[in-house]
Amino acid sequence: MADRLRADARAGGGGRKRDGAARADYGGAVYGSLQAAAVVAGTATFGPFPRLGLIVLLLVTGLVLWAGHVYAHLVGALASYRDLTWGAVRRVAGHEWPIAQAAVAPAAAVAVSPLLRLDLAGTAWFALSVAVAQQIGWGTTAAVRAGASRRLVVVSAVVNLVLGLAIVVVKAELH
C-alpha cells in the first residue's frame, strides 16, 4: 500500500482517472452528508442552538472528521513513516476533502435561514433536509456515474433516503 501511495503521489494523481477525467469521491460526500445531518440532529438534545454556533459546529466537525480520515488512511496505508511523502499526504487529503465539503451546504442553509424567516427549530429542519438531500444526490450520482442500471440507481437513492430518514427520526425523537 505504501508503494501505491508513493506511486500515486509521483503521478500527481489519486484524484484523476487514468484517462485524465476528474474523479469525485462520492463515498466521502455521502459520509460527510450523513455526518452533517447527525450534527444537526444531535444539536436537538441541547435545545435551540444559535445559528452561528451551528454553522461553526458543522464546519469544524467536517474539518476534524476530514483530518481524521486523512490521518487514519495514511497510518493504515503506511507500515513505516519513512515512506510518507508530502505528495502522498496531499493526494490523500484531496481524496478525503469531500467529507469536509459536505458540511458547507447545510451550513449555508443555516446562514440563509433568517432570510427565509425560519426560527431556530425551522433552521435545524432546513439544514437537516439539505444534508439528507445532498446525501441522496451524491449517492445517486455515484451510481449513475458508475454505469449502474436504473434499478440499482433507484436502490442507491432509497438506501440513502432510509439512512437520512433514520437521522430524521432520531432528531424528531430527541426534539
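Fair warning: this is a prediction, and the values are worked out from it, not measured in the lab.
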Stepwise, does the side-chain contact (heavy atoms from CB on, under 4.5 Å) test hold for V132 with L165?
CA-CA 8 Å; V132 171; L165 289 177; 5.8 Å; no
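Residue V89 is grouped with residue V92 when hydrophobic side chains (ILVMFWY) are merged at heavy-atom distances under 4.5 angstrom, including chains of intermediate members. Under a hydrophobic-cluster definition in which Ile, Leu, Val, Met, Phe, Trp and Tyr are linked whenever side-chain heavy atoms come within less than 4.5 Å, directly or via other members, V60 and L52 are assigned to the same cluster. Tracing side-chain contacts under 4.5 Å through hydrophobic residues (I, L, V, M, F, W, Y), one never reaches V30 starting from V162; they form parts of separate clusters. Both V159 and I136 are members of a single hydrophobic cluster when ILVMFWY side chains are connected at heavy-atom separations under 4.5 Å. V155 and L163 end up in the same hydrophobic cluster when Ile, Leu, Val, Met, Phe, Trp and Tyr side chains are linked at under 4.5 Å.
A donor-acceptor contact shorter than 3.5 Å is absent between the side chain of W138 and the backbone of G27. Formation of a donor-acceptor pair under 3.5 Å by the T140 side chain with backbone atoms of G137 is not found in this model.
Remark: L54 CG to L59 CG distance equals 9.5 Å, nearest 0.5 Å. Once rounded to the nearest 0.5 Å, the distance linking OH of Y31 with CD1 of I99 reads 6.5 Å. To the nearest 0.5 Å, atoms CD (Q134) and CD (Q101) are separated by 10.0 Å. The CD1 atom of I167 sits 9.5 Å away from atom OG of S33, with the distance rounded to the nearest 0.5 Å. In this structure, the separation between CG on L116 and OG1 on T123 is 8.5 Å, given to the nearest 0.5 Å. Atoms CG and OH, on L74 and Y71 in that order, are 9.0 Å from each other to the nearest 0.5 Å.
Using a 4.5 Å heavy-atom threshold, the side chains of V168 and W125 count as touching.
Closest non-hydrogen pair, A142 versus Y26, comes out as CB-CB, 3.4 Å. Of all heavy-atom pairs between G164 and Q135, the closest is N-NE2, 3.8 Å. Here the shortest heavy-atom pairing between L118 and G122 reads CD1-O, 3.9 Å. L65 and Q35 make their closest contact through CD1-CG, 3.0 Å (heavy atoms, listed as atom of the first residue, atom of the second, distance). The heavy-atom pair separating A103 from L58 by the smallest distance is CB-O, 3.4 Å. What you find for A109 and V130 is that their closest heavy atoms are CB-CG2, 3.8 Å.
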